[in-house]
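Comments concern the structure below.
As the structure is a prediction and not an experimental result, all values here were calculated from the model. Note that these values count all heavy atoms, side chains included, but never hydrogens, waters or copies made by symmetry. One-based numbering along the sequence shown.
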Amino acid sequence: MKKNANKAVKATTAALLAAGLFTGSAAAAAEGQHSSPSHIPGAYHSASKAFSVPKVPFKGMVKKGSGQEVMGPSKPSYKMNVFYDSKKHQISGKLTVKFKNNLKKNLKELYFNVWGNAEDFAENGGGTDVSNVKVNGKRAVYNVDGTALHIPAVKIKKGATASVSMNFTVSVPQQQDRFGWFKNTVSLGNWFPILAVYDKEGWNVDPYFNAGESFYSLTGDYDVTLTTDKKQVIAATGEEIGKPQIAGNLAIHRYKAHNVRDFALEMDPTYKVKKGMVNNVKINVYYTAEQAGYADSMLASGLKSIDLFSDHFGTYPWPELDIVGMEGWFGGMEYPQLVMISIAGTRSQEWVRSVTAHEIGHQWFYGIIGDNEYDEPWLDESFATFAAALHDNELNQLTTPPVANKELHLSSPVSAFTAYGDEGVDAYYQMIYGYGSRTLNDLRVKLGDKVFYSAMKAYFKEKKFGVTTTKDFIRIMERESGKDLGAFFQDHRVYVSDQE
């Protein structure tokens, strides 16, 4: 970095230390040569992981203004039957997704996001092959370009239901990641082709962002049958239906999940499980022998978070939550009903509890109240960071300042940050995690706890299982508080115009 950039990062580091967002060995690392605001508990980033400029799928595709306010296709229902070969680290099987064309016009094409094809995974042996694509039972032409699968020349009338089926084979990369295998542990996040969202921008096939998230999907239902070694202990989105069927050295598992945006799995034959219950929600903590010393902290944070966040934001809607220990280069990663907690080396118990709370916060902010994580990342990361501070009793320590570059807003898309390279990624963490959570706390202080949390519950109720925008959040907070908050949000660099 340039000298002035180093000064900015050091100032950021000091601010985040003051805010309590760095802990333990992360703080020590931040004070070293590779100073970075990226060691926030729960953040999907580390100074040891190089940022790569995202490759844009279908580069020439025009999006802005090509769509409409309605989001779709709606009511996706996925059915998958897959086999995981633990020797080859390969998944093979069939996927079928049914959906409704609610877009008020005939659909002439479809897109899927194939995140397993991201360059980060390809360089470690990962990738996805798709074949035998059919639309409503008829063979379809298709093209895969990076992380986007395009199916042109379809004819789906407005209001009609349709289905897409395909065979797919996934090579799981050898790496410590949300998608990858390391030692005995297999992490399957963003591992299958998922239907893209069509909204006012058109089809959303944004590039994979390896310092955060690019994900955006609508809630739907999943019915997943997984066959693999019978010795595997498996955590998954949803609930397992019945007991696994044993066939020699294999076991056939079936999972169902309702009103979720994605489906994730975590497997390790050495996992032990601790269980708890709060508000009729089952909490399952999966941990290896090396992670055993942190299992109680993960469980305690899980129990407290479900109770606390349900009380302050809205009731957790699913019957189960899996908290899974794994070794990654990041803090943690969220999926519906499943959170990955990266325990690599020595972590403090406080750090583990805080990361767990942050990832569980995402069950509300992205899981229940969805958003476009590439276009409006603050709507989930700022909120999850605020939730973790609530859990940690550290709301008053949310004091991170905005970055000096006034071109970067709290409401900016990921692309605005990545345009500045590594410096922009540091700014992303300072703004989206640190300053964003501070902004929400400033709003709480301005409105008072009673009005603020009442408004948050109204926000939850209106946007539950839907997709929110910055405009939605401002509108609902103004409506519920009875105040004009235009000046407040402008002062905090939140602009509806960033998304229009």
Side-chain angles (χ1 to χ4, degrees), residues 44 57 76 78-97 111-131 144 146-149 164-182 184-196 205 207-210 213-217 220 222-229 232 234-238 253-257 260-268 286 322 324 326-328 330 332-340 342 366-367 373:
Y44 185 81
Y78 292 82
K79 191 166 187 177
M80 287 187 274
N81 192 332
V82 298
F83 170 70
Y84 175 67
D85 186 327
S86 61
K87 292 181 180 178
K88 294 182 178 179
H89 301 288
Q90 194 173 79
I91 306 163
S92 56
K94 182 177 181 179
L95 174 155
T96 301
V97 56
Y111 281 91
F112 284 71
N113 285 301
V114 189
W115 299 117
N117 278 344
E119 291 179 5
D120 278 54
F121 306 132
E123 63 191 23
N124 289 296
T128 304
D129 291 321
V130 173
S131 62
V144 179
T147 57
L149 164 63
V164 175
S165 64
M166 66 186 77
N167 297 332
F168 68 108
T169 301
V170 179
S171 296
V172 182
Q174 184 177 3
Q175 62 192 86
Q176 296 167 278
D177 217 317
R178 53 190 169 197
F179 173 54
W181 67 272
F182 181 71
N184 291 316
T185 306
V186 183
S187 302
L188 298 180
N190 313 108
W191 58 279
F192 61 91
I194 190 167
L195 190 62
V205 284
Y208 180 79
F209 180 40
N210 76 340
E213 284 83 49
S214 313
F215 313 128
Y216 177 26
S217 52
Y222 285 81
D223 183 345
V224 179
T225 299
L226 168 68
T227 303
T228 191
D229 303 340
Q232 290 283 8
I234 304 170
T237 295
H253 303 261
R254 187 180 182 190
Y255 303 91
K256 284 191 174 184
V260 296
R261 296 178 197 282
D262 206 339
F263 188 94
L265 293 153
E266 191 88 21
M267 297 184 278
D268 191 312
Y286 293 77
D322 293 342
V324 188
M326 49 87 72
E327 290 185 56
F330 48 90
M333 184 61 201
E334 71 279 0
Y335 292 97
Q337 296 182 259
L338 185 151
V339 297
M340 301 175 181
S342 175
Y366 186 68
E373 293 185 313

(request) Please report the shortest heavy-atom distance between Thr147 and Asn117, naming the atom on each side. (result) CG2-C, 3.9 Å
(request) Of all the heavy-atom pairs spanning Phe121 and Pro173, show the shortest one and how long it is. (result) O-CB, 3.6 Å
(message) Please check this pair: side chain of Thr227 against backbone of Phe83, looking for a donor-acceptor N/O pair closer than 3.5 Å.
(response) no
(message) For a quick test of reading the model, state the closest non-hydrogen atom pair linking Ser217 to Arg261 and the distance between them.
(response) OG-O, 2.7 Å
(request) Could you pull out the closest heavy-atom pair between Val324 and Ala235, with the gap in Å? (result) CG2-CB, 3.7 Å
(request) Check whether any side-chain heavy atom of Ile234 sits under 4.5 Å from a side-chain heavy atom of Leu226, and report yes or no. (result) yes
(request) Report yes if some heavy atom in the side chain of Asp223 is under 4.5 Å from a heavy atom in the side chain of Tyr78; otherwise report no. (result) no
(request) State the OG1-NZ distance between Thr237 and Lys256, to the nearest 0.5 angstrom. (result) 16.0 Å
(request) Please list, chain by chain and in numerical order, all residues satisfying side-chain hydrogen bond (donor to acceptor under 3.5 Å, both in side chains) with Thr185, sequence neighbours excluded. (result) Asp268
(message) Does any part of the side chain of Asn184, heavy atoms only, come nearer than 4.5 Å to the side chain of Met267, both counted from C-beta?
(response) no
(request) Hey, could you give me the CG/CZ distance between Asn190 and Phe192, rounded to the nearest 0.5 Å? (result) 8.0 Å
(request) Could you grab the distance from atom CG of Asp85 to atom CD1 of Ile91, nearest 0.5 Å is fine? (result) 10.5 Å
(request) Could you tell me which residues satisfy salt bridge (charged side-chain N to carboxylate O under 4.0 Å, His left out) with Glu213, sequence neighbours excluded, listed by chain and number? (result) Arg178
(request) Just jot down the ring-ring contact (aromatic ring centres under 6.0 Å, His included) partners of Phe215, sequence neighbours excluded, or say none. (result) Trp115
(message) Tell me whether Asp129 contacts the main-chain N or O of Thr169 through its side chain, where contact means a donor paired with an acceptor under 3.5 Å.
(response) no
(message) Strictly distance-based, threshold 3.5 Å: is any side-chain N or O of Trp191 a donor or acceptor partner for the main-chain N or O of Phe263?
(response) yes
(message) Quick check: do Asp177 and Phe182 have side-chain heavy atoms less than 4.5 Å from each other?
(response) no
(message) Rounded at 0.5 Å granularity, tell me how far CD1 in Ile194 sits from CZ in Phe112.
(response) 9.5 Å
(message) Has Ser342 got a side-chain atom pairing as donor or acceptor with Glu327's backbone, closer than 3.5 angstrom?
(response) no
(request) Could you list the residues that satisfy ring-ring contact (aromatic ring centres under 6.0 Å, His included) with His253, not counting sequence neighbours? (result) none
(request) Would you check if Leu188 and Phe179 make a side-chain contact, meaning some heavy-atom pair closer than 4.5 Å? (result) yes
(request) Would you please classify the geometry between the His89 ring and the Trp181 ring as parallel, tilted or perpendicular, with 30° and 60° separating the classes? (result) parallel
(message) Do Val172 and Tyr84 make a side-chain contact, defined as non-hydrogen atoms from C-beta onward lying under 4.5 Å apart?
(response) yes
(request) Name all residues meeting the ring-ring contact (aromatic ring centres under 6.0 Å, His included) criterion together with Phe168; count only those two or more places apart in sequence or in a different chain, and write none if there are none. (result) none
(message) Distance alone, cut at 3.5 Å: any donor-acceptor contact between the side chains of Ser187 and Glu266?
(response) yes
(request) Flag the pair Val260 / Tyr335 as yes when at least one side-chain heavy-atom distance between them is below 4.5 Å, and no otherwise. (result) no
(request) Compare every heavy atom of Asn113 with every heavy atom of Ala196, then report the nearest pair and how far apart it is. (result) CB-ND2, 3.8 Å
(request) Ignoring hydrogens and angles, tell me if any N or O in the side chain of Gln90 forms a donor-acceptor pair with the backbone of Ser171 under 3.5 Å. (result) no
(message) Working to the nearest 0.5 angstrom, can you tell me the gap between Thr225 OG1 and Arg254 CZ?
(response) 5.5 Å
(request) Go through the structure and list residues passing side-chain hydrogen bond (donor to acceptor under 3.5 Å, both in side chains) with Tyr366, not counting sequence neighbours. (result) none
(message) Testing the basics here: between Pro193 and Leu95, what is the closest heavy-atom pair and its distance to 0.1 Å?
(response) O-CD1, 3.3 Å
(request) Could you tell me whether the side chain of Asp229 and the main chain of Gln232 form a donor-acceptor pair under 3.5 Å? (result) no
(request) Would you give the length of the straight line joining atom CG of Asn167 to atom NZ of Lys94, rounded to the nearest 0.5 angstrom? (result) 6.5 Å
